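A short worksheet on the structure shown next.
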Amino acid sequence: MELSARYTPSDIEEKWYSHWEKSGYFKSVPDDREAFSIVIPPPNVTGMLHMGHMLNNTIQDILIRKARLDGKNACWVPGTDHASIATEAKVVRWLRDEKKLRKADLTRDEFMEYAYQWKEKYGGIILHQLRKLGASCDWDRTAFTMDKGYYEDVIRVFVDLYQRDKLYRGLRMVNWDPEAKTVLSNEEVIYGEENAQLFHIQYKNEDGSAGVVIATQRPETIFADVAIAVNPKDSRYTALVGKKVLIPLINRPIPVIADDYVDIEFGTGALKITPAHDPNDYEVGQRHQLEVIDTISDEGRINDKCAFAPIVGLDRFEARKQMKGFLEENGSLVKIEDYRTNIGRSERTNSVVEPKLSLQWFVKMSDLGVPALKAVLDEEVKFYPPSFQNLYRNWMENLRDWCISRQLWWGQRIPAWYLKSEGLSQETHVFVALTAEDALAQARNATGNAQLSMDDLRQDEDVLDTWASSWLWPISVFDGFNKPDGEINYYYPTSVLVTGWDIIFFWVARMVMAGYEFRGEKPFQAVYFTGMVRDKLRRKMSKSLGNSPDALKLLEDYGADGVRYGLMSSAAAGGDILFDDKLCENGRNFCNKLWNVLRLIKGWSVTEVPENEEIARKNALAVQWLTDKFQQVLIQAESDFTQFRLSEALLGLYTFIWDDFCSWYLEMIKPGYEQPIDRKTYEATIDLLSQIMVALHPFMPFVTEEIWHQLRNRKEGDDCCAQQYPKPGKSDIQLIARVEAAKNIITGIRDIRNQNQVKPRDPLAVVAQDSLAVQELFAQEGLQEMVMKMAVLKSFDCSSNEPQNAKSFISGTDKFYVELNQTIDVAAERKKLTEELEYQRGFIQSIENKLSNERFVNSAPAAVVENERKKLSDGQARIQILEDSLSKLG
RNA sequence: CGGGCCAUAGCUCAGUUGGUUAGAGCGCCACGUUGACAUCGUGGAGGUCACAGGUUCGAAUCCCGUUGGUCCGACCA
């Protein structure tokens, strides 16, 4: 069959993916092999494949495929997380647009029914997109953080933590998202500098005198003020402390109090205390037993607790705008300053986060953090790159309790029940239990009222933070809570976690905590942190900027292998990638190169016997050299893999294939136009290329599988992805060095050819100045034949006589003459030689400096000194040659 | 304010425990196509390793400082 001149990935990718899947290569069940397991960082169920996913999952696939080829029992568990806020928003929108339903009109159960419907319909998109990338996940294990079993695990963990006093319900200042109408954890709030205004407002004394001026960004909150605080050391205000001042517009008297918290230098040195709307004010309020007046509703509007009627019902920002007029009119506004300040916004909705006093559920982090920090510092859990230990430690040493309740429906509902007889948020009894029946039993017990029924209880309306389920991922996906002695013992701890460093706190840290807390063991041996994928301008890729390429289109344009290559070729662990289509283009070109290797080899006709002895010797050398070189490449690749230096491993293979295999080896053995190749060399080449395909397979699975099959008729099940990864064997270092020396000579000849505009196919005559080194080098069987072919020579001789009309070059410590039927430009030649001589003299000068230093000779390792001596003598030999040449030029 | 990370060719980055006058890819320059591949080949140019000091026989590499970038955290009336 005729092969097309270009590699077309679309022809083969789907074919091989379904073949692999059908053959069950991705499936894993425990057996007596060593396990190699990875749990996917579950993408958001609403997600679509983007650059970050592609990078992340390419890395996981490389590791998994390599482990599989190494004969390990490789298990890659895929899945998605339920992403409570994002998904609930999506479902609400879907209900509104497609079903003409409002969430408010649905019961909780109805809503959940629809939400699962939505998930069934749209939730698996990203997992299908991963297949296009080549991801070799065990799809039978696909997990979801809201699956029935998973749901139960989350509830069980909640109850367990509560019973062990590691989880509590408390009234705290929390981050409130008024748009999503839910609390957020600290990690879900993104701070950024924004323009704001500082209002200077005068609070008069009760007798109408000047009183005090405070500065605030939020004039709409003055009606929630309960005091003015000043620093006790601030002499300006000493007289006022203990007196009362009046809130403008409503003239409510509030006390002036003294508290160290107030910074004398900042603003006016007087601070309004608004405990309901500022975390620090809340603390101050607590210290002084002040009341809390909450004037902002869950939607972010001014509520009727606000004593100033004109702004009641307004959104907080609208209220702020209007306050300017009211204050001015009233004469209380002293001035307005422009001001830069950090504003916190919700990661999900981008609305300005409102500090709010609220009853929420928290996990106590202090105990959980201890083993998790130790594990990383002791390298029980190894970080790649290790520099992320610092970031991790920094966070772990400043742990704050984790708010895990969310005011949503989509998620695991908090298994806590209260007595209906007690008012909302006024509960004194809390019953935490796996089931409502248990809770009822607890309630009867606690109240001594055996007549209590389910109707007397109400369950907490809130659900748990998504991360409070996904931190259990490495345990729950192996059913480790239900069957702690089941297959989890085989797969856990998992081998490596691959994830972006931006979720080190959200996820990595908490998984480590959960691992030790619930299994007494780390969840993974290692964490490989990927960088962020950015655009050429170093901006993070984001929907709003529109700078993110369409992942699926990239896969179509460049092929999965091309994209994988592009992502990996510049992705050192932890390092950001400045993404450019050019990277994928390189990958596509590489595939094309491989494809054309195949075309070349398949185009050859084969004879049983080599045409002559020279060719036989040359080809035997080529095969031997490439085989030996391959061993070295494999040793390096193996070492790169163990250190997770995946880009380096790929680059090593790439260079070997493109340079050594294509540019040197194939050119060495390539028969003349329409000439046949001998059987022995042909078979060796096919075997070598097959092995190379296996070695490259983890990085570029599709093209390697295709070429593997094109090279030979393979039996059923003899697939590239199911081979044994080539194990490095011995190699002849001297032979490799000799070929390197020969390559150097060839390059020297080509350079002269180029510089003198001799056509590539015009054969040249070359003379090597006779020396022991040259004789030794060319004693290598096949080497002379190889040099003659590669440099396109009609003759190659060793002689002590210098040929006429020849240009010379130095390779190693030897001089070579290339005969040219041209007159030599003496002046140019002298210039060139002089420059070279200067370089060489500088070179040996630096070495002589070293060697004449006794302390160097005495304290440096013998091998280093020996090497310097060799460099010196080689340099001297080259100088000798150059000086001779110069003197002969006259 | 505190902390991390980084600074190497025009660009993006490698550079393992200190040991050739520093490497790759892209880009650039010259030449080249009846030949596996122009998604290509051959050759070439291009760097005071941010700056200043220190340790060492020896520093891109280790230490200190400066400058610049970037990220995280705290504060933020």
Side-chain angles (χ1 to χ4, degrees), chain A residues 3 5-7 186 191 196 198-200 214-218 229 261-263 266-274 278 280-281 339-343 385 387-391 393-395 398 501-502 504-505 532 536 538 558 562 569-572 574-578 580 582-583 585-586 588-604 639-640 643 645 647-648 651 654-655 662-663 666-667 670 672-674 747 750-755 757 759-761 839 842-843 845-847 849-850 853-861 863-865 867-868 870-871 874-875:
Chain A
L3 295 173
R6 287 179 185 178
Y7 173 62
N186 294 324
Y191 291 92
L198 211 48
F199 289 69
H200 290 249
I214 57 93
T216 180
Q217 279 177 60
R218 306 194 58 187
Y261 168 70
V262 181
D263 180 352
F266 197 97
T268 63
L271 170 64
K272 76 192 208 49
I273 300 299
T274 322
D278 183 281
N280 296 301
D281 290 12
Y339 182 64
R340 288 286 285 177
T341 186
N342 270 338
I343 303 280
S387 53
F388 282 106
Q389 281 177 5
N390 291 321
L391 186 62
R393 186 178 58 203
N394 200 276
W395 192 73
N398 295 288
W501 56 258
D502 54 334
I504 187 169
F505 311 131
M532 300 294 104
K536 275 181 271 190
R538 216 175 268 283
Y558 298 102
S569 64
S570 68
D576 288 354
I577 294 183
L578 272 58
D580 187 339
K582 196 91 201 162
L583 295 170
E585 203 178 305
N586 294 343
R588 183 196 61 185
N589 293 355
F590 186 34
C591 291
N592 195 56
K593 187 76 179 175
L594 292 169
W595 184 250
N596 276 287
V597 168
L598 178 71
R599 290 216 308 150
L600 174 68
I601 293 175
K602 292 197 76 161
W604 287 337
S639 139
D640 288 337
Q643 295 170 76
R645 298 157 60 94
S647 319
E648 285 83 352
L651 186 64
Y654 173 90
T655 310
C662 297
S663 298
L666 287 179
E667 294 301 332
K670 191 164 144 184
Y673 188 54
E674 302 208 313
T747 303
R750 285 170 174 173
D751 188 15
I752 287 184
R753 185 189 282 279
N754 254 326
Q755 281 175 19
Q757 268 138 44
K759 287 244 183 308
R761 279 175 228 296
Y839 175 88
F843 178 65
Q845 185 60 53
S846 75
I847 299 164
N849 288 348
K850 268 190 207 177
N853 184 335
E854 267 179 48
R855 282 182 297 180
F856 170 70
V857 180
N858 293 335
S859 45
V864 172
V865 177
N867 191 33
E868 292 299 317
K870 171 95 167 66
K871 275 156 57 185
D874 287 358

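Any value given below was found using the heavy atoms of this structure, including those in side chains, with hydrogens, waters and symmetry copies removed. Each chain gets a letter, A, B and so on, in the order its sequence line appears, and its residues count up from 1. Remember, it's a predicted structure, so these values are computed and weren't measured experimentally.
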Could you tell me how far apart [X] ([atom1]) and [N] ([atom2]) are, to the nearest whole angstrom?
{"X": "A:Leu391", "N": "B:U70", "atom1": "CG", "atom2": "C1'", "answer": "13 Å"}
{"X": "A:Trp501", "N": "B:C72", "atom1": "CH2", "atom2": "P", "answer": "6 Å"}
{"X": "A:Leu578", "N": "B:C13", "atom1": "CG", "atom2": "P", "answer": "5 Å"}
{"X": "A:Leu600", "N": "B:A36", "atom1": "CG", "atom2": "P", "answer": "6 Å"}
{"X": "A:Tyr7", "N": "B:A38", "atom1": "OH", "atom2": "C1'", "answer": "20 Å"}
{"X": "A:Ile752", "N": "B:G44", "atom1": "CD1", "atom2": "P", "answer": "11 Å"}
{"X": "A:Asn858", "N": "B:C57", "atom1": "CG", "atom2": "C1'", "answer": "9 Å"}
{"X": "A:Arg393", "N": "B:G2", "atom1": "CZ", "atom2": "P", "answer": "18 Å"}

Give [X] one of three labels, base, sugar-phosphate or nothing, depending on what nucleic acid heavy atoms sit under 4.0 Å from its own.
{"X": "A:Thr747", "answer": "sugar-phosphate"}
{"X": "A:Glu648", "answer": "sugar-phosphate"}
{"X": "A:Arg588", "answer": "base"}
{"X": "A:Asp263", "answer": "base"}
{"X": "A:Glu667", "answer": "base"}
{"X": "A:Lys593", "answer": "base"}
{"X": "A:Ile601", "answer": "nothing"}

Using Watson-Crick or G-U wobble geometry with both distances below 3.5 Å, tell me the partner of [N], or none.
{"N": "B:U56", "result": "none"}
{"N": "B:U48", "result": "none"}
{"N": "B:U61", "result": "none"}
{"N": "B:C40", "result": "B:G32"}
{"N": "B:A24", "result": "B:U12"}
{"N": "B:C5", "result": "B:G69"}

Problem set entry | 5'-most by nearest nucleotide on RNA chain B - A:Lys871 or A:Arg538 |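 It is A:Arg538, whose closest nucleotide lies nearer the 5' terminus.
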Exercise. If you pin A:Asn390 and A:Leu271 to their nearest nucleotides in RNA chain B, which one's is more 5'?
Worked result: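 Looking at RNA chain B, the more 5' nearest nucleotide goes with A:Asn390.
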For this session: For the pair A:Glu585 and A:Asn589, evaluate side-chain hydrogen bond (donor to acceptor under 3.5 Å, both in side chains) and give the outcome as yes or no after the intermediate values.
Result: CA-CA 6 Å; A:Glu585 203 178 305; A:Asn589 293 355; 4.6 Å; no
Are the side chain of [X] and the backbone of [Y] linked by a donor-acceptor contact shorter than 3.5 Å?
{"X": "A:Asn394", "Y": "A:Asn390", "result": "no"}
{"X": "A:Asn853", "Y": "A:Asn849", "result": "no"}
{"X": "A:Asn858", "Y": "A:Glu854", "result": "yes"}

Distance below 4.0 Å between [X] side-chain N/O and [N] OP1 or OP2:
{"X": "A:Lys536", "N": "B:U12", "result": "no"}
{"X": "A:Arg645", "N": "B:G15", "result": "yes"}
{"X": "A:Ser387", "N": "B:G4", "result": "no"}
{"X": "A:Asn853", "N": "B:G58", "result": "no"}
{"X": "A:Lys670", "N": "B:A36", "result": "yes"}
{"X": "A:Ser846", "N": "B:U20", "result": "no"}

Side chain of [X], heavy atoms from C-beta onward: which of [options] has the nearest atom to it?
{"X": "A:Asp751", "options": "B:U16, B:G43, B:C71", "value": "B:G43"}
{"X": "A:Ser859", "options": "B:U42, B:G3, B:C57", "value": "B:C57"}
{"X": "A:Leu651", "options": "B:C75, B:U39, B:A24", "value": "B:A24"}
{"X": "A:Pro760", "options": "B:G32, B:U16, B:C72", "value": "B:G32"}

Exercise. Given the rule in the side-chain hydrogen bond (donor to acceptor under 3.5 Å, both in side chains) test, do A:Glu667 and A:Ser663 qualify, once you have shown the distances and angles that lead to the verdict?
Worked result: CA-CA 6 Å; A:Glu667 294 301 332; A:Ser663 298; over 6 Å; no
Exercise. Should A:Lys536 and A:Leu578 count as side-chain neighbours, where that means a heavy-atom distance under 4.5 Å?
Worked result: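 No - every pair of side-chain heavy atoms lies 4.5 Å or more apart.
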